[in-house]
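First comes the structure, then the notes that go with it.
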Number of protein chains: 2
Amino acid sequence: MACREAASLEAALAQVAELCTARGVRLTAQRRRVLELVWRSDKPMGAYDILAAIQAEQPKAAPPTVYRALDFLLAQGLIHKLQSLHAYVGCAHPGQPHAGQFLICTACGEVTELADPGVEHSLGKVAAASGFVADAPMVELSGTCCGCRVDDE
Amino acid sequence: MACREAASLEAALAQVAELCTARGVRLTAQRRRVLELVWRSDKPMGAYDILAAIQAEQPKAAPPTVYRALDFLLAQGLIHKLQSLHAYVGCAHPGQPHAGQFLICTACGEVTELADPGVEHSLGKVAAASGFVADAPMVELSGTCCGCRVDDE
DNA sequence: GCTGTTATGTAATAACATAACGTTTTCCCC
DNA sequence: GGGGAAAACGTTATGTTATTACATAACAGC
């Protein structure tokens, strides 16, 4: 969801507002601001990056301010947490909560979210084979993206 | 690698010592101690758990003591880090570095390491399709293991 | 035994996250 | 539109995980 233009960002936020209304949850100003920051960023943002950005306009903000908003957005499936980076990215397919696969380029920092049926199927199979019920698959691939590999030469 | 008996633990450590010699790296006393702690534990250990255990015999140990040993062991493919738990487990297949898939039971804390070809294949395919070269796949499934699901009733 | 490399000691701090508790805002029912 | 419950937020403090920086020690090869 990185690098949105202002127009589509506004549209997406409006959609999210509707979604929240439909669900009976509140997209408060703070939550909206955090979501917007994460979406605008072309890189994953750490919680304290977000905090710093928020403090620019709201100096009284503290860590819980940010973490509460992040918890809400995670629960609503609007952002994802990248465990390997301790950072947050906007979800490419907001809507129902879901798990994706993330390609994380260690050269440029770009993150791509996928939702590959093949991967999901094989994960389901392997869990089933062990009698395991997975409720939170986490798939993060660190490596080098196409563009950065070419640049390497 | 959890719950080894003393005998097989010793044997495994001896094997690791050989492996390190062959690679021209040093399995120092500290590194060995950390590896042994991780292997003995039937649950993933946090860095500060390890630190506490080490401080029992070596009060001067500090965080870098542990993190340096962990870095070494990770680099040698002898342990894995579970990013979703900020904790470390022994590797089920020491030898060349590799990535596995981890089933993490949130009820009992047990962790199972797999190396499923199906999962690896589908991950490879999805990365290739994006022109992405992955060097550190991380797959962790949180959920409920077979035993704990039964106990639930 | 000198020297460069690798490992460790040591102190401080950075970075990430939560606990606890009181106050404010919002919602909803009457 | 007033009152009460629930949700969100402010505030302070602290917990947890990880790293930086620099000094010292151990080791390997010459």
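Chain identifiers are assigned alphabetically (A, B, ...) following the order of the sequence lines, protein sequences preceding nucleic acid strands; residue numbering begins at 1 within each chain. The figures here come from the full heavy-atom set of this structure, side chains too, leaving out hydrogens, waters and symmetry mates.
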So, B:Glu10 and B:Arg32, do they make that salt bridge, N to O below 4.0 Å?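 Salt bridge present between B:Glu10 and B:Arg32.
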
Any donor-acceptor N or O pair under 3.5 Å, side chains [X], [Y]:
X	Y	answer
B:Arg31	B:Gln76	no
B:Gln83	A:Ser84	no
A:Glu120	A:Gln101	yes

Let me know the distance between [atom1] of [X] and [atom2] of [N], rounded to the nearest Å.
X	N	atom1	atom2	result
A:Gln30	C:dT24	CD	P	16 Å
B:Ile54	C:dT8	CD1	C1'	12 Å
A:Tyr67	C:dA17	OH	P	4 Å
B:Gln83	C:dA17	CD	P	11 Å
A:Arg68	C:dT23	CZ	C1'	11 Å
B:Arg23	C:dT6	CZ	C1'	18 Å
B:Leu51	C:dG9	CG	P	12 Å

Both A:Asp49 and B:Val25 contact DNA chain C. Which one's nearest nucleotide lies toward the 5' end?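 Looking at DNA chain C, the more 5' nearest nucleotide goes with B:Val25.
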
Nearest nucleotide by nearest heavy atom, which residue falls closer to the 5' end of DNA chain D, B:Arg26 or B:Tyr48?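 Checking each residue's closest nucleotide, the 5'-ward one belongs to B:Tyr48.
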
Once the angle between the rings of B:Phe102 and B:His80 is folded into 0 to 90°, is it parallel (under 30°), tilted (30 to 60°) or perpendicular (over 60°)?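 Judged by the thresholds at 30° and 60°, the geometry between B:Phe102 and B:His80 is perpendicular.
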
Give a yes/no on whether any side-chain N or O of B:Gln58 is located under 4.0 angstrom from OP1 or OP2 of C:dT8.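 The answer is no; no side-chain N or O of B:Gln58 sits under 4.0 Å from OP1 or OP2.
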
Using every non-hydrogen atom in the two residues, find where B:Thr144 and B:Arg149 come nearest and quote the distance to one decimal.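 Answer, listing the atom of B:Thr144 first, then B:Arg149: CG2-N, 3.6 Å.
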
Does anyone know the first and last nucleotide of DNA chain D in reach of chain A, 5' to 3', at under 4.0 angstrom to a heavy atom?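 Reading along DNA chain D, I get D:dA7 to D:dT12.
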
